[in-house]
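Quick notes on the structure that follows.
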Amino acid sequence: MIGYTKELIGSREWMMDCALPKWLKSEEAEGGCGVVGLTSTVPVEGKHFFEALAQMHNRGNGKGGGIAAVGLMPEQMGVSREVLDSHYLIQVAYIRPEVREELENEHIKSNFLIHKSIQVDESKDPGLLARLEVRPPTVVRYFCRARPEVLEAFIKEKGLQGLERARAEDEFVNQSSFRINHKYYATSNMAAFVMSQGRNMLIMKIVGYAEDVIRYYRMEEFRANIWIGHQRYPTKGKVWHPGGAHPFMGLDEALVHNGDFANYYAVSEYLAQRNVTPLFLTDTEVSVLLFDLLNRTYRYPLEYILEALAPTTERDFHQLSPEKQALYHAIQSTHMHASPDGPWFFIIARNCHYDGEMQLIGITDTSMLRPQVFAVVEGDMRVALVASEKQAIDATLTSLSQQYPSVPKRADVYWNARGGSHTDGGAFIFNLRPDGKGLKLTVTNKFGAEVSTNVSQWDQKADLELATPTPNMTPGAWARRLAITDAEPVFQEIVATIPKMSVNDVQGLLSDIASSASLGPSEMKRSIDLLTLLIDRRYPTGPYRRSRLVTLYEETLNRILRSIPVVQERKGGRYARVDVRHRAGIVVPADGQEVLAIDCRDFPMEGDEGPSFAIVEGVRNGWKNFIMFDAHGQRFFGCGIGSNSKGVRIDAYGTPGDYLASGLDGAEIVIHGNGQDQLGQILGSGKLVVHGDVGQTFMYGAKGGEVFIMGNAAGRPLINAVGRPRVLINGTCLDYLAESFMAGDPLNGGGFVILNGMKIDAAGVPVELPAPYPGGNLFSLASGGAIYIRDPHQMVGEDQLNGGRISKLTASDWDLILPYLQENERLFSLKVGDLLTVEGQVKEPDQVYRKVEAVPVATAANKVALNDDESAGD
Amino acid sequence: MNDDLCDTEPNPHVPSQRLKAVSRNAVIRNEASCISCGLCESLCPYGVHRRIEGHVHLLPPYEGKCIGPECAKNDFYCVNRCPTRSLSVKPNVTFTSLGDFRWTSEMILSTWKIAETGQPLPLDHPANMGRSGGGFDTLAFKIPAAKGNPDPDRFSTSIELNRRKEGPRLKIGIPVYGGGMSYGSVSLKVMTARAIVAKQWNTLTCTGEGGYPDALVPYSDHVVTQVATGLFGVKEETIQRAPMVEFKYAQGAKPGLGGHLLYEKNTPMVAKMRQAVPYTSLFSPFPFHSVYSVEDHKKHLDWIHSINPRALLSVKVSTPNDVEMVAVGSYYAGANIVHLDGGYGGTGAAPEIAKKNIAQPIEYAISKVHKFLEKEGIRGDVTLIASGGIRNAMDVAKAIALGADGVVIGTAELVAIGCVRCANCESGRGCPRGIATTDPQLEVQNETEVMVRRVSNLYNAWRLQWCDLLNRFGMDDITQLRGRTDLLRRVPEGVAQ
């Protein structure tokens with residue numbers, strides 16, 4: 001223990017006398033929540049969070065919302081830069097304003113020199129006030145420093161002479177806030193509490209949705225470099241109070257949490273042994289107390305703190321260097337009892353006052369049981385985001401792009417953290433640090449390694465110019481080409497020329513595609529096919545960043561599709577359209593009508609008015625082809641269309657939501673972009689194609705179907721799949737791929753997964769990922785089926801398995817998987833030849849692919865030939 | 001008054017398929033030495049011995065009336081007084097070898113009896129209580145004296161399963177429906193018989209996690225489709241034809257544990273139903289891998305709703321310490337029914353250590369959740385169902401008095417069919433009685449028609465018992481009994497008889 005640690009812990013002994021009775025602990029429970037965080041080199045306004053937070057309503061229930069902001073504007077706070085940086089900003093929420101005078105006199109004025117105190121403006125909007133079932137508290141900000149004589153006495157009394165004076169002042173602030181919270185919150189019926197305590201940062205929270213925090217406290221134009229927002233889903237209690245909402249405060253830090261952990265009691269006990277006790281009765285408060293303890297009392301570097309929270313275990317531990325193993329072993333031995341156990345995802349915003357930087361941290365539990373996605377937008381204005389769902393990120397970027405044209409509406413890269421791993425540590429940190437000109441944003445993983453996006457176009461003038469709206473243009477050469485040529489050859493021509501295209505050329509191209517579509521049904525089909533290829537495929541994009549081009553393609557597509565007459569008009573032609581106003585009364589197709597395009601823009605995310613029911617209604621009325629466009633998180637596409645839906649095809653553009661294709665039995669669904677969580681649950685038969693990544697528990701309990709994924713799958717894909725699902729994933733998976741797989745013998749009609757461990761890079765070239773499968777528990781406890789893994793460097797080891805075995809690929813195996821690789825080539829243009837090429841050499845299939853299979857149970861294998869005919873007989 | 005019941009005609013004459021009524025005691029007369037003097041008939045005040053003038057032999061002893069060896073203290077004890085020492089009395093070995101502390105021999109036998117006759121047990125009958133010394137065996141009603149012969153038609157025993165403002169109504173005629181028992185865990189005939197009875201009594205039965213056999217389709221308005229953690233046999237069509245979908249998050253008999261069907265039991269027929277490959281071992285994981293929070297749970301329910309918006313949603317959970325939180329969370333996620341499954345139930349397949357050591361007793365959980373939902377102001381919108389070791393009509397009534405709206409039963413129906421509670425459901429080829437098996441050679445022991453009659457009789461007898469109870473309490477509707485813990489008394493040591 002370092003000299004001061006013992007004293008610091010000792011100084012808090014009195015706080016334990018304030019510990020709440022045990023039976024009171026964790027009275028409130030909450031499970032999931034919606035969380036989003038943003039870091040920007042340019043301070044951005046609170047209003048840009050509106051859409052993101054509204055997007056996540058279905059992850060909260062309006063019983064608690066909050067935001068935190070770090071990196072504030074002196075002019076907006078009404079103090080100088082110097083004061084903002086050096087003074088504590090203590091915010092007290094007065095639920096019962098009558099206690100203010102007493103609280104101020106006893107706890108603020110006597111302890112602090114107040115530079116300035118400001119009561120936060122509140123909205124008078126009657127609509128908003130009517131919506132809020134609990135009146136938000138009056139919040140007063142105090143910019144202050146400890147009174148020197150009081151601090152002196154504190155240091156003396158607590159024996160903190162060994163601690164730097166500034167750090168002692170931090171602790172003084174901390175204990176002072178605790179005293180207020182104990183007296184005015186925990187023991188006096190929630191009259192007032194300290195909402196945040198820290199320099200250059202604040203937290204605001206209410207009983208209500210998080211965007212109403214911004215509205216109520218009039219922070220629409222309030223600017224900050226780091227924001228976090230949280231929609232809460234508490235499940236108990238009739239009377240909620242803002243103290244229970246997130247974020248929770250530590251000194252200079254704010255933490256939001258999605259999930260809950262099982263060892264709340266154990267963590268509380270651990271904290272109690274170190275004189276730390278909670279007052280707000282939620283596991284989130286315990287989390288921030290734990291973080292604060294590791295940070296301020298033990299003064300661990302961030303990496304150690306993250307290791308203490310989410311320990312590296314099993315195979316990942318053994319992949320670490322011996323030095324790291326020794327270090328982590330020591331951390332785990334000391335702090336394992338405090339490691340939260342269960343599903344959790346934290347976003348932490350903090351001002352590292354002593355290091356002169358600000359940070360936003362996202363960290364997942366080791367099993368990745370909560371959804372999480374990270375994203376980066378390159379540029380002079382560099383933005384990094386983290387959220388519980390991708391569409392919250394997209395909504396934030398779309399809002400930002402309107403004010404900051406350099407910011408595209410989609411991020412340059414999206415990725416997931418792999419919890420407790422040796423690769424990224426399950427955490428990413430967005431660091432903001434002054435670099436002379438302004439702030440520099442770096443993205444690092446737990447180990448401090450910088451994440452590079454390899455997006456180079458952000459400083460290109462052309463890319464930026466592309467952000468301006470496309471002007472009206474007269475039809476040009478592309479329109480003439482499209483009039484006579486199929487989409488595929490035109491696409492090839494475009495791909496060849498894009499790198500050389502001027503901004504004007506690109507805009508002309510888009511304008512031509514749109515105007516060509518208006519000529520007739522077959523031209524429209526050609527335009528849609530062309531845009532689809534442009535969205536789906538990977539190719540060099542020259543001076544333009546891919547995210548910007550894809551957004552433009554999608555917008556052009558939306559524009560084309562919105563020009564289609566609504567279905568009720570029965571206009572004829574190939575296409576008919578439905579939007580939220582026309583969702584009722586979807587009629588049978590008129591003569592020649594083949595495709596129903598459903599405009600998802602204004603549809604709710606789920607429920608009886610959701611777009612999935614529009615598809616069901618369409619199928620019932622004889623429609624076979626659907627285009628779902630401008631989706632932004634709407635769930636359940638393809639659910640409810642029933643068994644024997646062969647012949648139905650659904651194309652989804654934008655960001656379709658969770659549970660897509662769950663229950664699919666015959667139909668075909670293509671996602672032109674990323675899929676989200678819980679895709680293809682119990683999938684029975686049919687086809688699913690995803691041109692991007694898929695999220696968690698992909699194809700849980702699936703029974704069959706043919707599925708092709710261009711990118712990666714997140715955690716726990718194909719768990720408990722039975723029967724004969726046949727799945728090809730070109731990227732990789734985070735963990736638990738095909739646990740309890742029960743898909744018989746793949747060579748006799750059973751199921752399998754092909755895992756390629758590849759991606760197509762920005763130049764359109766197939767490249768190998770660092771490892772085809774970096775995680776553990778591959779094919780764990782499986783009783784049937786197989787995984788064919790492209791592993792020419794023999795990187796997958798027996799230690800990644802749990803019950804299965806690795807064997808050599810046979811000729812029959814290759815015959816089995818080759819048609820799937822060929823279909824994969826057709827869909828994604830990832831050539832079989834490229835897959836068989838290793839370091840420039842074309843190899844034999846069995847030198848490239850390996851088979852992971854179940855260890856057969858001796859008697860079962862002999863009992864019955866495991867083939868289709870047998871299983872059909874009943 | 002009770003329009004919700006259809007076709008409730010009892011089927012009184014069910015043959016005792018293999019069973020004669022078993023008496024507690026065996027009274028054996030040695031016909032070789034008996035001289036037919038008739039002394040025993042004149043001595044016995046209970047009427048065990050009967051002699052008909054002119055017959056050479058006495059009638060066989062009426063063992064059911066004998067009070068057993070304890071009679072030895074009486075001077076009319078026939079064994080001691082018989083001049084030729086031709087009589088002996090001893091415990092009946094069949095009787096003593098049946099049952100256990102929870103399902104006592106009396107309870108099994110009287111369940112068989114009511115399954116044959118359709119007639120109710122008296123409310124003070126010893127078979128209404130087990131001897132476990134806990135749970136429902138330490139609770140009894142403060143039963144007032146009977147007030148005349150109640151007319152069963154005067155009483156309503158039906159309950160509404162959807163108490164939310166929106167969605168279809170679903171009223172069942174008795175406060176009981178059948179729990180999930182999968183194809184594989186029981187035979188197809190048993191499943192079919194349960195479904196037929198469910199239709200007769202306008203109630204429900206449940207598929208369990210083994211798929212939806214085609215034989216049940218004609219009864220689909222009365223069959224609940226279960227969505228359990230292995231997701232076996234769950235298809236859009238099975239969800240779409242169900243009036244209710246049950247999410248099995250946990251099983252009270254083994255909370256926190258998954259299931260494992262060994263490859264031998266995964267026969268081609270079982271595999272077909274589960275959409276699996278025959279003769280591979282099948283696993284059900286312990287959690288839903290897609291649900292790790294209440295908002296995941298809501299999404300999960302929304303998903304099934306998107307497949308069948310007409311189906312009611314039931315969430316079946318075990319009884320952890322914070323079960324009331326689970327109940328409230330489920331309600332807000334959209335559940336119509338919160339189904340608490342306690343640890344007293346479970347077939348032979350649940351490990352003993354789990355049955356006996358995990359989660360809180362169901363009688364505490366019911367009361368806790370009931371009161372908590374009331375405090376939250378949402379009790380009126382939730383249907384609270386209890387299950388796990390509910391054995392007889394009085395257990396049902398006790399669960400309701402503790403705060404449940406109704407109950408789910410499983411084992412009681414199997415006992416009515418003829419289960420002897422040997423607890424070997426999972427072993428070898430399965431059930432010696434041909435119930436918990438799909439083995440064709442074992443299955444033939446039971447005919448669907450007879451099983452239907454027996455289970456239907458059970459329900460009839462139970463309903464008459466509830467009517468009797470309601471009548472004594474001056475009630476005419478079973479819903480009036482809900483939450484009336486004041487009518488219960490605690491039997492400190494249980495009825496250790």
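Residue numbers begin at 1 in each chain, while the letters A, B, ... track the order of the sequences.
- In terms of modelled atom types and a separation under 3.5 Å, the side chain of B:T280 and the main chain of A:S783 share no donor-acceptor contact.
- Residues A:R370 and B:S293 are in side-chain contact: their nearest non-hydrogen atoms beyond the backbone lie under 4.5 Å apart.
- Both the backbone and the side chain of A:L369 come within less than 4.5 Å of a heavy atom in chain B.
- Looking only at heavy-atom pairs under 4.5 Å with chain A, the residue among B:F232, B:F288, B:F283 that has the most is B:F283.
- Only the side chain of A:T697 comes within contact range of chain B, judged by heavy atoms closer than 4.5 Å.
- Only the backbone of B:P287 comes within less than 4.5 Å of a heavy atom in chain A; its side chain stays farther off.
- Within the 4.5 angstrom heavy-atom criterion, atoms from both the backbone and the side chain of A:Y700 approach chain B.
- Taking each heavy atom of A:E606 and B:D302 in turn, the nearest pair found is CG-OD2, 3.4 Å.
- Using a 4.5 Å cut-off between heavy atoms, A:Q678 touches chain B through its side chain atoms alone.
- In this structure, the portion of A:S612 lying under 4.5 Å from any heavy atom of chain B is its side chain and not its backbone.
- Contact annotation for B:T229: both backbone and side-chain heavy atoms come within less than 4.5 Å of a heavy atom of chain A.
- Using a 4.5 Å cut-off between heavy atoms, B:Q240 touches chain A through its side chain atoms alone.
- Annotation for A:G701 and B:L231: closest pair CA-CD1, 4.0 Å, computed over non-hydrogen atoms.
- Residues A:Q681 and B:S290 have side chains in contact (heavy-atom distance under 4.5 Å, counting atoms from C-beta outward).
- Using a 4.5 Å heavy-atom cutoff, the side chains of A:D665 and B:K235 are in contact.
- Between chain B and the residues A:G642, A:S740, A:G784, A:G684, the most heavy-atom pairs under 4.5 angstrom are made by A:G642.
- Residue contact with chain B, scored on non-hydrogen atoms closer than 4.5 Å, involves the backbone of A:A743 exclusively.
- Atom CD1 of A:I615 sits about 10.0 Å away from atom OG of B:S306, to the nearest 0.5 Å.
- Neither the backbone nor the side chain of B:Y331 has a heavy atom closer than 4.5 Å to any heavy atom of chain A.
- In terms of heavy atoms, A:G723 sits closest to B:V277 at O-CG2, 3.6 Å.
- If you take OH on B:Y292 and CD on A:Q696, they are separated by 9.5 Å, rounding to the nearest 0.5 Å.
- The parts of B:H300 that come within reach of chain A are both its backbone and its side chain, each placing non-hydrogen atoms under 4.5 angstrom from that chain.
- One N or O on the side chain of B:E236 and one on the backbone of A:I641 form a donor-acceptor pair closer than 3.5 Å.
- The contact between B:K299 and chain A is made by backbone and side chain atoms together, counting heavy-atom distances below 4.5 Å.
- Neither the backbone nor the side chain of B:N308 comes within contact range of chain A, judged by heavy atoms closer than 4.5 Å.
- Heavy-atom pairs under 4.5 Å with chain A were tallied for B:M273, B:K298, B:H289; the largest tally goes to B:H289.
- Without hydrogens or angle criteria, B:W303 side chain to A:S662 main chain gives a donor-acceptor distance under 3.5 Å.
- Side-chain contact between A:F636 and B:I307 is absent, with no heavy-atom pair separated by less than 4.5 Å.
- Here the shortest heavy-atom pairing between A:N720 and B:S284 reads ND2-CA, 4.4 Å.
- Listed here is the closest heavy atom pair of B:E295 and A:N258: OE1-OD1, 3.9 Å.
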